[in-house]
Asker: 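So that we are looking at the same thing, I have put the structure below in structure tokens.
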Amino acid sequence: MMRLKVTFVLFLLILPLAFANLRVGFYRRSCPNAESIVRAAVRRRLSRDKSITAALLRMHFHDCFVRGCDASILIDSNSKSSSEKDAGPNLTVRGFELIDEAKKALEATCPSKVSCADIITLATRDAVFLSGGPFYFVPTGRRDGLVSDPDEVNLPGPTLTVSEAFRAFRAKNMSMDDMVTLLGAHTVGVAHCSFFLDRITRPDPTMDRGLAAKLRSICGAASGTNPDPTAFLDQATPFAVDNQFFKQIGLKRGVMKIDQELANDPLSRRIVSGFAANATLFRTRFAQAMVKMGNIQVLVGKAGEIRKNCRVFNPRRRI
């Protein structure tokens with residue numbers, strides 16, 4: 001397959017570039033306002049909830065790493081079957097209402113044209129950009145999956161070592177550089193205390209003492225109404241997509257084990273240092289890695305379907 005080089009810049013006319021069976025501007029004729037409709041929904045939500053960027057990044061990752069980027073994470077469970085939403089790692093995934101809002105607007109404008117999988121991908125890109133991150137062109141044309149099985153959800157967790165986490169990324173044809181770059185998404189978002197409690201309940205030489213004390217105070221405030229408090233993963237600019245996360249973990253201020261491991265492990269620390277020193281390099285690589293992740297095991301052509309409601313499969317046609 002011909003390899004096409006995509007240059008990521010902040011402002012360029014959209015070009016009809018192909019990327020592994022997807023292409024930029026896929027909806028140019030069938031739904032010309034598709035991307036602007038999605039962006040408007042993201043902008044409205046972001047104006048009242050800055051945390052939505054982290055939520056969408058997490059949703060996109062959790063979707064693509066299970067059966068590929070096919071919106072299987074959006075399916076609701078019903079009385080007959082459970083869906084990916086019921087799997088442990090997905091119980092705190094959120095942002096589904098934003099996808100619903102964008103889908104409703106798209107169906108009103110161009111019914112059965114824009115896939116839910118593309119909505120997730122576009123919404124994530126827009127949230128990243130509107131939170132100070134890079135703008136990048138998103139190849140579209142994904143189709144929605146026909147299966148959503150909680151037993152298939154097996155995602156890399158926050159307590160893994162770099163080598164252990166990389167196995168999951170390598171299985172998706174992602175490089176070590178890709179993994180470190182994508183974990184840079186932790187520049188926004190939070191983690192529940194239960195994910196890092198072991199690092200603050202006993203001395204951890206890899207964590208800054210001041211941060212450990214701050215986290216103990218946060219987690220010590222657990223109550224009946226808030227049994228598992230949260231802490232920002234980036235202690236400097238928690239709502240901005242930038243390279244501060246890499247600077248923080250270089251100072252032993254990584255909250256979760258896997259984050260701090262990135263700065264300590266010989267396999268990844270050179271990449272971390274490079275991103276910490278060069279914000280432009282991180283922006284460029286983040287855009288490239290997001291596009292690459294968004295291409296994992298996509299359904300195209302006549303595979304899958306275009307859901308009318310992102311939460312349910314389309315009714316099966318009788319033969």
Side-chain angles (χ1 to χ4, degrees), residues 3 6 8 19-22 54-73 84 87-90 92-93 117 120-121 124-125 128 133-134 136 138-139 142 145 149 151-189 191 195-196 233-234 241 243 245-246 249-250 254-276 281-299:
R3 296 183 61 188
V6 181
F8 299 93
F19 190 92
N21 298 317
L22 305 177
L56 288 170
L57 281 162
R58 188 162 181 247
M59 180 193 296
H60 192 26
F61 172 74
H62 283 221
D63 184 46
C64 291
F65 267 61
V66 180
R67 301 189 67 85
C69 308
D70 67 348
S72 53
I73 195 171
E84 289 178 23
N90 289 338
T92 53
V93 172
I120 295 176
T121 308
T124 304
R125 184 274 307 274
V128 165
Y136 50 95
V138 172
R142 295 165 189 78
D149 184 348
D151 293 334
E152 294 186 359
V153 178
N154 183 21
L155 298 163
T159 61
L160 298 181
T161 64
V162 170
S163 296
E164 290 168 340
F166 181 52
R167 291 192 195 107
F169 282 81
R170 184 170 54 195
K172 302 297 181 183
N173 292 319
M174 306 295 281
S175 68
M176 176 62 72
D177 193 288
D178 293 329
M179 184 184 85
V180 176
T181 303
L182 290 172
L183 286 176
H186 289 174
T187 185
V188 290
F195 285 109
F196 58 83
L233 294 172
D234 179 345
V241 177
N243 69 332
F245 167 78
F246 295 103
I249 61 177
V255 174
M256 295 195 295
K257 177 184 175 182
I258 184 58
D259 292 346
Q260 192 56 54
E261 288 273 333
L262 293 177
N264 301 340
D265 195 297
L267 293 172
S268 52
R269 63 189 178 199
R270 177 188 58 80
I271 304 170
V272 169
S273 297
F275 288 155
L281 175 63
F282 170 63
R283 290 171 65 85
T284 300
R285 282 294 298 120
F286 189 72
Q288 293 169 342
M290 287 295 290
V291 171
K292 184 176 180 180
M293 183 181 76
N295 194 51
I296 293 174
Q297 297 171 267
V298 294
L299 300 174

Asker: Hey, what do you get for CG (N173) to CD1 (I296), rounding to the nearest 0.5 Å?
Answerer: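 Going from CG on N173 over to CD1 on I296, the span is 8.0 Å.
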
Asker: Looking only at heavy atoms, which two atoms of A71 and D63 are closest? And how far apart?
Answerer: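 Closest pair (atom of A71, atom of D63, distance): N-OD2, 2.9 Å.
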
Asker: Just do the side chain to side chain contact (heavy atoms under 4.5 Å, CB included) check on M293 and L182 with the steps written out, would you?
Answerer: CA-CA 9 Å; M293 183 181 76; L182 290 172; 4.1 Å; yes

Asker: When rounded to the nearest 0.5 angstrom, what distance separates CD in Q297 from CZ in F65?
Answerer: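 Reported to 0.5 Å precision, the distance equals 9.5 Å.
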
Asker: Once you round to the nearest 0.5 Å, how far does OG1 of T187 lie from CZ of F286?
Answerer: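 Rounded to the nearest 0.5 Å, the OG1-CZ separation comes to 8.5 Å.
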
Asker: Could you tell me whether a side-chain N or O of R269 sits under 3.5 Å from a main-chain N or O of G250, the two making a donor and an acceptor?
Answerer: no

Asker: Can you find a pair of side-chain heavy atoms, one from V291 and one from Y136, that are under 4.5 Å apart?
Answerer: yes

Asker: Any chance you could lay out the side chain to side chain contact (heavy atoms under 4.5 Å, CB included) test for F196 and T159, step after step, and finish with the verdict?
Answerer: CA-CA 8 Å; F196 58 83; T159 61; over 6 Å; no

Asker: Measure the shortest side-chain to side-chain distance between N90 and I73 over non-hydrogen atoms and say whether it is less than 4.5 angstrom.
Answerer: yes

Asker: With side chain to side chain donor-acceptor pair (under 3.5 Å) as the test, would you mind laying out the steps for S72 and E84 before giving the verdict?
Answerer: CA-CA 7 Å; S72 53; E84 289 178 23; 2.6 Å; yes

Asker: Identify the two heavy atoms, one from G184 and one from F246, that lie closest to each other, and give their separation to 0.1 Å.
Answerer: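 Taking every non-hydrogen atom into account, CA-CZ, 3.5 Å.
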
Asker: What verdict does the side chain to side chain contact (heavy atoms under 4.5 Å, CB included) test give for H186 and L57, after you've listed the backbone C-alpha separation in whole Å, the side-chain angles of each residue and the deciding distance to 0.1 Å?
Answerer: CA-CA 9 Å; H186 289 174; L57 281 162; over 6 Å; no

Asker: Examine the side chains of D178 and S175 and answer whether a donor and an acceptor come within less than 3.5 Å of each other.
Answerer: yes

Asker: Using 0.5 Å steps for rounding, measure from the CG atom of L160 to the CD1 atom of I258.
Answerer: 6.5 Å

Asker: With a 4.5 Å cut-off on side-chain heavy atoms, are V128 and P134 touching?
Answerer: yes

Asker: Measure the OG1-CE distance between T181 and M174 for me, rounded to the nearest 0.5 Å.
Answerer: 8.5 Å

Asker: Quick one: are L267 and F166 in side-chain contact, heavy atoms under 4.5 Å?
Answerer: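 In short, these two side chains do not touch, never coming nearer than 4.5 Å.
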
Asker: Is the shortest heavy-atom distance from the side chain of L22 to the side chain of V298 under 4.5 Å?
Answerer: yes

Asker: For R58 versus V93, what's the shortest heavy-atom pair and its separation?
Answerer: NH1-N, 3.4 Å

Asker: For side chain to side chain contact (heavy atoms under 4.5 Å, CB included), just list the numbers for V188 and V241, CA-CA rounded to whole Å, side-chain angles, deciding distance to a tenth of an Å, and then say yes or no.
Answerer: CA-CA 6 Å; V188 290; V241 177; 4.1 Å; yes

Asker: Less than 4.5 Å apart, any side-chain heavy atom of M179 and any of L262?
Answerer: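 A side-chain contact under 4.5 Å exists here.
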
Asker: Measure the shortest side-chain to side-chain distance between H62 and P89 over non-hydrogen atoms and say whether it is less than 4.5 angstrom.
Answerer: yes

Asker: Side-chain contact, heavy-atom cut-off 4.5 Å: M290 with R125?
Answerer: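 Side-chain contact under 4.5 Å: no.
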
Asker: Can you tell me if N243 uses its side chain to pair, donor with acceptor, with the backbone of F282 under 3.5 Å?
Answerer: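 Not confirmed, N243 side chain does not pair with F282 backbone.
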
Asker: So, does Q260 use its side chain to make a donor-acceptor pair with the main chain of K257 at under 3.5 Å?
Answerer: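 Not confirmed, Q260 side chain does not pair with K257 backbone.
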
Asker: Go through the steps for D177 and R285 under the test salt bridge (charged side-chain N to carboxylate O under 4.0 Å, His left out), then give the verdict.
Answerer: CA-CA 9 Å; D177 193 288; R285 282 294 298 120; 2.7 Å; yes

Asker: With distance as the sole test, does K172 use its side chain to make a donor-acceptor pair with the main-chain N or O of V66 at under 3.5 Å?
Answerer: no

Asker: Are the side chain of T121 and the backbone of A117 linked by a donor-acceptor contact shorter than 3.5 Å?
Answerer: yes

Asker: Are F245 and F275 close enough that their ring centres sit under 6.0 Å apart?
Answerer: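 So the answer is no for these two rings.
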
Asker: Any chance you could measure S163, atom OG, to D265, atom CG, to the nearest 0.5 Å?
Answerer: 5.5 Å

